[in-house]
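Remarks on the structure that follows.
Quick note on labels: first sequence line is chain A, next is B, and so on, each numbered from 1. Worth knowing before you read on, the calculation uses all heavy atoms, side chains too, and leaves out hydrogens, waters and symmetry mates.
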Amino acid sequence: MKVTIEQALRKVLADLGAADVTFVVERPGDMSHGDYAANAALVASKALGRPPRDIAESLKVKLEEAPIPGVATVTVAGPGFINITLERERFSDTLSLIASAGPEWGANDSWAGKRVVVEYTDPNPFKELHIGHLFTNAVGESIARLFMMNGANVKRVNYQGDVGLHVAHALYGMQQLGMTPTSNFGARELGRAYALGATTYKQDEVAAAAIRELNKRIYDRTDATINDLYDAGRRVSLTYFETIYTMVGTRFDEYFYESEAGPRGLELVHSHPDIFPESNGARIFKGEEHGLHTRVFQNHEGLPTYEAKELALAKMKEERLGIYDHSVISTSNEITEYFKVLKCAMGFIYPELAAKTEHLGHGTVRLATGKMSSRTGDVIPALDFINEVAEAALEKMIAVGAINPDRDTATQVAIAAIKFVTLHGSILQDSVFDKERALSFEGDSGPYLQYTHARIHSVMEKATAAGISPSTRNAPEAPYEVERLLGYFPEVIASALKDRAPHQVVTYLTELAGSFNSFYSSERIADKDDEYAPYKLALADAVRTTLKNGLWVLGIPAPEKM
RNA sequence: GCCUCCAUAGUUAAAUGGAUAUAACUGCGGACUUCUAAGCCGUUAUUCUAGGUUCGAUUCCUGGUGGAGGCACCA
């Protein structure tokens, strides 16, 4: 609809002699202004040398001579806005469309036929997966799903740092704590081992040398005892991560490890000595020549750094997943500056890969006490946190007399609460971790959206039992506010991807749910004697589908009973 | 010192250069013999600062202040 209006306006603007001005058709801030508003007359004012309101009147006349299908009224308002309201029938049609589209409602084909690889989460085995990873996972997952809703064929990828100094820290700690490949240890013990190794490394020079030596053995795999301990730790860690991925609703298509990207990265560095010259025993990329800064790709011990590995990773993704059209790497914005250098270097080696690689930096989660650090053990483990929120959710469910006060539903509520607080604002911004907020299930929150969805489901069951079935045939004279909101959903999905802004979906769903709840409290839906009951039911169903699809994009489960 | 990002009610946020800056939380008040009260209705309060561009600036530009990240062998 938006596009139709844009085209019509462009045409009439051209008739007036202002073909080139760029204007927008958007949802007005205030719904009483209409369904769409255009600033065409305001922006054309200068080009035409006429007052905006005057131009708007001319446009209105022209639009009335050749009406846009589906448009009921065109009015001029304020400083020269053109406000457009749609015909009653358009809203009924939207309800029918939603009913037939089902899970496809909101989708578009702007990325159809395109293959997109999205890399995110990227935890380090042997270290704790903490709430920061939960944040990056929520962002990456929603970006992946937004691409899917926009028609792309998406592959999810997780890149895990299974080698590197942090692993040597953990292994050293494991040895000190007497952990063996066969001893029964879990992720918690690994986290403790890492913290011990990391602090020792900083405080004790002799131990530090031993840890560096350990690091080399991890890379070259020449010591069978170390290999066994390493393999056991890696296995425990990866299994632990997998239980968390399942909880938050992520399924990766492919896993990449630094242990495999490392050697490949080194090859690249060595085969391009002109791009990575030697300096102080290391191999570097001189970013200054390109307005950036210098980064080390191979350190003086001959080991590849993150940069070299990431370089190889770009190619490895194509080898394993096939040629892709676009690659998104979502990480915290600490990496942003490095990535510019990396991408610049990639441009010399794999220009075609560099051109389609996008780094999406997002804010970091910090604690009230400051930055989280797994080195000092100052982190909130993801699993503990999810469980804690789930506990609180269960208590809440019992307190409010929920229909389904079970552990499984409580976990789904917890996931919703957590994802909502991480995605409800711009992903660029850092967020201070606010436990109280995540534990609050009232007001704008994930559970609020879930509750609204479940409530609709319940009402629909009652209506069906009363013999009412949804129909859009007999519509009330004026569309309800919630009904008018429904039609914007596809535009929100398109815009949220374009701006890489999942929060637009959150904002929209929250408004939709609020509007529905107002409708719900003022109108009875499942009333046999109401001639509009079938229509209201169709409307409720459409809201349910929209909430469900929107929640899906956010990676939030939508239980039918809660 | 240099580079990047950020700054909106008491708090967390929203607002492709547009109309009276929008919600939620908190506080206070209210409705209901009714489909899930995790709900609904009412009420107070906001664009860091100084300039500039513009018919119009929370949005763009410049300076300042404050915060985060980065500036060669961690990721």
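Among the atoms of the strands shown, only primed sugar atoms or phosphate atoms (P, OP1, OP2) are found under 4.0 Å from some heavy atom of A/Gly425. When heavy atoms are screened at a 4.0 angstrom cut-off, A/His166 is found touching no nucleic acid atom at all. Residue-level contact check: A/Ser458 touches the bases, meaning some heavy atom is under 4.0 Å from a base atom. Residue-level contact check: A/Ala77 touches the bases, meaning some heavy atom is under 4.0 Å from a base atom. In this structure, A/Glu278 reaches neither bases nor backbone, as no heavy-atom distance under 4.0 Å exists between it and the strands shown. Contacts of A/Asn517 with the nucleic acid, taken as non-hydrogen atoms under 4.0 Å apart, involve only primed sugar atoms and P, OP1 or OP2.
Taking the ring axis of A/Tyr257 as reference, the NZ or CZ atom of A/Arg234 stays within 45° of it and closer than 6.0 Å to the ring centre.
Contact check for A/Ser332 versus A/His362: side-chain heavy atoms found under the 4.5 Å cut-off.
As rounded to the nearest Å, B/rU43 and B/rG69 have P atoms that lie 42 Å from one another. Taking atom P in both B/rC60 and B/rC6, one finds a spacing of 8 Å when rounded to whole Å.
Distance, A/Ile427 CD1 to B/rA14 C1': 16 Å, rounded to whole Å. Between A/Leu509 atom CG and B/rU22 atom P the separation is 21 Å, expressed in whole Å. A/Gln504 has its CD atom 17 Å from the P atom of B/rA13, to the nearest Å. Atom pair A/Leu42:CG and B/rA57:P shows a separation of 13 Å (rounding to whole Å applied).
A/Glu288 and A/Thr294 share a side-chain donor-acceptor pair at under 3.5 Å.
When both pairing distances are held under 3.5 Å, B/rA23 makes a Watson-Crick or G-U pair with B/rU12. Using N1 to N3 plus N6-O4 or O6-N4 for Watson-Crick, or N1-O2 and O6-N3 for G-U wobble, each under 3.5 Å, B/rU65 pairs with B/rA7. Using the Watson-Crick or G-U wobble rule with both distances under 3.5 Å, B/rG1 pairs with B/rC71.
With centroids closer than 5.5 Å and planes inclined by less than 30 degrees as the test, A/His293 and the base of B/rA72 fail to qualify as a stacked pair.
When the side-chain nitrogen and oxygen atoms of A/His453 are compared with OP1 and OP2 of B/rU36, none of them lie within a distance under 4.0 Å.
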